[in-house]
Colleague: 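Got a structure here, written out as structure tokens. Questions coming.
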Amino acid sequence: MRRFAVGAALVVAAAVGWLVVRDALRSYHSTRGATIVRFTLHSRLLGRALSETLVVPAGERRRRPLLVFLHGRGSGPDSNLTQPLFDTLHDLGARAPDLLLANGGDHSYWHDRRDGRWGSYVLREAIPAALARAHADRRRVAIGGISMGGFGALDLARLAPQRFCAVGAHSPALWFRGADTAPGAFDDARDFARHDLIRLAAARRLYRSPVWIDVGREDPFASSDEALGRELRAHGASVTFRLDGGGHGGWRDRMPAYLRWYAAALARC
């Protein structure tokens, strides 16, 4: 009996220890009443199963708008689960959107390419799955993202301009030339050319919905992000461009402002 008690105590201690480590690793201490729904999407377009994260704010759970938020390179859906995010969703109350934190793998850059139709999967599989699970309003959808995800949000909103009420790009990973891109971001020069947002924006109007772009002054993407903002404005897009302090990670402190902007844009949609 004593041996069993000691063994049970060790199991409990190990479990408690894991909970402490888990809570220390995550970037929030309270969801402020929001529900985190994790589900597996069996993507026909990608031929693989992907873990997705859906955040449903507290309160009435039907007919909320949906914000699709895309993570950065080397991260994952849960990397954007932070305390400021949950605090702001709580403060927004009835205006808070449901939030799909989609899974883009390690370096898909959220576009169709040789190893999979990553852009098509977001538009045709991940968004419909989130709308169905959250019972969200399919007429009010916005898209945004961080770094790699910022590029992805801009690219997907370009390809599906009628789908989104607003598009946000926070420290988006943009380049002037294919030769300057990060390894693995694009398959080759032709792949880059198909998704060269600065060149495409210089030729025509890409977005009818409001656009937010922000970047830090010391961010290596500052000049290319600013160039995109200029081209979009020159062709009549409604653009909020913010040049903030700091480097590439400065977006972490600006999540509350992002969410308030998305909520306002979705309310007007």
Side-chain angles (χ1 to χ4, degrees), residues 67-70 72-73 109-113 118-119 122-123 140-182 185-251 254-255 257-269:
L67 170 59
V68 181
F69 207 75
L70 311 179
R73 179 172 182 150
Y109 280 78
W110 303 99
H111 68 280
D112 291 2
R113 51 191 308 173
W118 290 93
V122 173
L123 296 173
R140 293 189 296 151
V141 181
I143 190 167
I146 302 295
S147 190
M148 175 181 88
F151 163 79
L154 291 165
D155 197 45
L156 290 171
R158 168 185 70 89
L159 295 171
Q162 304 301 318
R163 189 71 184 88
F164 302 107
C165 298
V167 53
H170 315 299
S171 303
L174 302 175
W175 294 272
F176 290 107
R177 304 184 310 152
D180 297 330
T181 61
F186 299 91
D187 294 334
D188 50 32
R190 293 179 63 185
D191 185 34
F192 173 78
R194 286 192 294 269
H195 304 275
D196 182 352
L197 294 175
I198 298 173
R199 177 183 63 82
L200 292 168
R204 61 183 177 86
R205 183 172 180 175
L206 298 184
Y207 310 108
R208 300 288 172 179
S209 300
V211 179
W212 169 301
I213 301 173
D214 67 282
V215 64
R217 290 183 178 84
E218 299 171 25
D219 192 315
F221 296 116
S223 58
S224 52
D225 291 355
E226 193 167 13
L228 177 63
R230 286 196 304 269
E231 296 295 353
L232 292 177
R233 280 206 183 106
H235 286 79
S238 174
V239 180
T240 298
F241 179 82
R242 289 182 49 172
L243 189 62
D244 294 300
H248 190 59
W251 55 266
R254 299 191 283 269
M255 184 63 76
Y258 302 159
L259 290 174
R260 288 192 291 268
W261 181 80
Y262 289 117
L266 287 164
R268 293 190 298 266
C269 189

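All values reported here derive from a predicted model rather than from experimental measurement.
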Colleague: Under 4.5 Å between any side-chain heavy atoms of Leu259 and Leu67, yes or no?
Modeller: yes
Colleague: For Asp155 and His111, run side-chain hydrogen bond (donor to acceptor under 3.5 Å, both in side chains): C-alpha distance rounded to whole Å, both residues' side-chain angles, the deciding distance at 0.1 Å, then the answer.
Modeller: CA-CA 8 Å; Asp155 197 45; His111 68 280; 5.5 Å; no
Colleague: Checking side chain to side chain donor-acceptor pair (under 3.5 Å) against His170, which of Asp214, Asp225, Asp244 comes through?
Modeller: Asp214
Colleague: With no hydrogens and no angle check, is any side-chain donor or acceptor of Arg73 less than 3.5 Å from a backbone partner on Met148?
Modeller: no
Colleague: Output yes when a side-chain donor or acceptor of Arg113 lies under 3.5 Å from a complementary backbone atom of Ala185, and no otherwise.
Modeller: yes
Colleague: Please report the closest heavy-atom contact between Cys165 and Pro210, naming both atoms and the distance.
Modeller: O-CD, 3.2 Å
Colleague: Which pair of heavy atoms, one from Asp180 and one from Arg177, lies closest together, and at what distance?
Modeller: OD1-NH2, 2.8 Å
Colleague: Using side-chain heavy atoms (C-beta onward) and a distance below 4.5 Å, is Leu156 in contact with Val68?
Modeller: no
Colleague: Suppose we call two aromatic rings close when their centres sit under 6.0 Å apart. Are Trp175 and Phe221 close by that rule?
Modeller: yes
Colleague: Do Pro172 and Ile213 have side chains that get closer than 4.5 Å, going by heavy atoms?
Modeller: yes
Colleague: Determine yes or no for a side-chain-to-main-chain donor-acceptor pair under 3.5 angstrom, with Arg199 supplying the side chain and Ala193 the backbone.
Modeller: yes
Colleague: When rounded to the nearest 0.5 angstrom, what is the spacing between CG in Asp219 and CD in Glu226?
Modeller: 12.0 Å
Colleague: Any side-chain heavy-atom pair from Val141 and Arg163 closer than 4.5 angstrom?
Modeller: yes
Colleague: So do the side chains of Ile146 and Leu70 get within less than 4.5 Å of each other, counting heavy atoms only?
Modeller: no
Colleague: Below 4.5 Å, heavy atoms only, C-beta onward: do Ser171 and Arg254 meet side chain to side chain?
Modeller: yes
Colleague: How close do Trp261 and Ala166 get, heavy atom to heavy atom, and via which atoms?
Modeller: CH2-CB, 3.7 Å
Colleague: What are the two closest heavy atoms between Tyr262 and Ala142, and how far apart are they?
Modeller: CD2-CB, 4.1 Å
Colleague: Would you check, one step at a time, whether the test ring-ring contact (aromatic ring centres under 6.0 Å, His included) holds for Phe151 with Phe186?
Modeller: CA-CA 12 Å; Phe151 163 79; Phe186 299 91; 5.6 Å; yes
Colleague: Looking at Ala201, is its backbone amide N or carbonyl O close enough to the side chain of His235 to form a donor-acceptor pair, meaning the two atoms are under 3.5 Å apart?
Modeller: yes
Colleague: Can you tell me how far the CG atom of Leu197 sits from the CD atom of Glu231, to the nearest 0.5 Å?
Modeller: 11.5 Å
Colleague: Using side-chain contact (heavy atoms from CB on, under 4.5 Å), reason through Arg233 and Phe241 one step at a time and then give a plain yes or no.
Modeller: CA-CA 10 Å; Arg233 280 206 183 106; Phe241 179 82; 3.7 Å; yes
Colleague: State, yes or no, whether a side-chain contact exists between Ser224 and Phe176 at a heavy-atom distance under 4.5 Å.
Modeller: yes
Colleague: Between Leu243 and Ala222, what is the shortest heavy-atom contact and its length?
Modeller: CD1-CB, 4.5 Å
Colleague: Which atom names give the shortest non-hydrogen contact between Pro161 and Ser209, and what distance separates them?
Modeller: O-OG, 4.4 Å
Colleague: Are any non-hydrogen side-chain atoms of Trp110 and Leu154 less than 4.5 angstrom apart?
Modeller: no
